[in-house]
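One structure is given below, encoded as structure tokens.
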Amino acid sequence: LGGDEFAVFITDINGNDATNIAEVMRRQIEGLYFTPLTTRFTASIGIALYPEHGAAVRELLSRADVAMYRAKASGRNRCHLYQPKDHDLEKIHSRLKQKELIQNALNQDRFEPWFQPILDLKDNKIRHYEALARMRGKDGTILVPGAFIDTAEVFGLIGAIDRIIIEKTMRLQVAMSRQGSPLSFGMNLSGKDLGDEDILSFLRDKIMETGANPAHLTFEITETAAIHDMDKAVKFIKALKSIGCHFSLDDFGVGFTS
């Protein structure tokens, strides 16, 4: 269903059987070991029954999603069968509909960068801006990242959003430079993407295509904990630095930006 979400469909069983099978799967996953990593694998499993909890696919997946969140909220690495009392979570975690909204916004080019100015305290001038992703709704309303980032990450859509924001920022940098304002811009780049050859090729190609000045582009690395292969990450950073780009680390402290 997403980068780290899977669904299992089992026929002709009741709630007790479903819970027992889910528990067997959970224990199997917990027992997995991957030699290069010292990470412990766990699974939080949500269970929904047909037709008790829903007659349509969307409804069943939504209820299973809610049950999974209940399992996570109860401490993770456990199973939970959907209960009517879980209904309060449904409004918060109905991500299938969110995924559809995000995909439509991508198809209709409704993601755009908004720019936060960074003040240089030495002379009180602004020469640098941080590009922040915003999603424009069909009615023109602006949605901040908190409304779509988590869902986009779960369903593997965050890379597509990043590419749109980066390309539009590069084009603005070129336009401002031609107007006599050589501004620099910072853009987010997930730690998950460091070492990804496709992302590296995209960045190189867009710099060439747009004519952006690499010396005025800073990539802010978010989710540094998601960097699994440090050697590849270092090569990735060196490759972009070799053409003049800059890097910085994002999210120091408790969420204060910049």
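Only heavy atoms go into these numbers, but all of them, side chains included; no hydrogens, no water, no symmetry mates.
Between Cys245 and Ile207, the shortest heavy-atom distance links the atoms SG-CD1, 3.8 Å. Gly180 approaches Pro182 most closely through the heavy-atom pair O-CD, 3.4 Å. Between Ile237 and Ile221, the closest heavy-atom pair is CD1-CD1, 3.9 Å.
A donor-acceptor pair under 3.5 Å is absent between the side-chain atoms of Ser201 and the main chain of Asp198, judged by distance alone. Using a distance-only test at 3.5 Å, with no hydrogens or angles considered, a donor-acceptor pair links the side chain of Arg63 to the main chain of His53. With Asp17 contributing its side chain and Ile13 its backbone, the two residues share no donor-acceptor pair below 3.5 Å. Arg134 contributes no side-chain N or O that, together with a main-chain N or O of Val144, makes up a donor-acceptor pair within less than 3.5 Å. Side-chain atoms of His216 never come within 3.5 Å of backbone atoms of Gln173 as a donor-acceptor pair (strictly under, hydrogens ignored). Of the possible donor and acceptor atoms, none in the side chain of Asp193 sits under 3.5 Å from a partner among the backbone N and O of Leu189. Here the side chain of Asn107 pairs a donor or acceptor atom with the backbone of Gln103 at under 3.5 angstrom. Arg78 places a side-chain N or O within donor-acceptor distance of the main-chain N or O of Arg76, the cut-off being under 3.5 Å.
Counting only N and O atoms by type, the side chains of Trp114 and Glu112 include a donor and acceptor under 3.5 Å apart.
Clustering ILVMFWY residues whenever any of their side-chain heavy atoms sit less than 4.5 angstrom apart, transitively, puts Ile165 in a cluster other than the one holding Leu101. There is a path of hydrophobic side-chain contacts, each under 4.5 Å, that joins Met230 to Leu194.
With rounding to the nearest 0.5 Å, the separation of CD1 in Ile47 from NE2 in His80 is 9.0 Å. For the atom pair Glu197 CD and Phe202 CZ, the distance stands at 15.0 Å (nearest 0.5 Å). In this structure, CE on Met176 lies 5.0 Å from CD on Gln179, to the nearest 0.5 angstrom. Rounding to the nearest 0.5 Å gives a distance of 12.0 Å between CZ of Arg127 and OG of Ser181.
For Phe111 and Phe148, the ring centers are positioned less than 6.0 Å apart.
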* To do: Please lay out, stage by stage, how Glu30 and Asn77 fare under the test side chain to side chain donor-acceptor pair (under 3.5 Å).
  => CA-CA 8 Å; Glu30 189 178 34; Asn77 194 30; 2.8 Å; yes
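Below 30°, between 30° and 60°, or above 60°: for Phe219 and Phe247 the angle between ring planes is between 30° and 60°, a tilted geometry.
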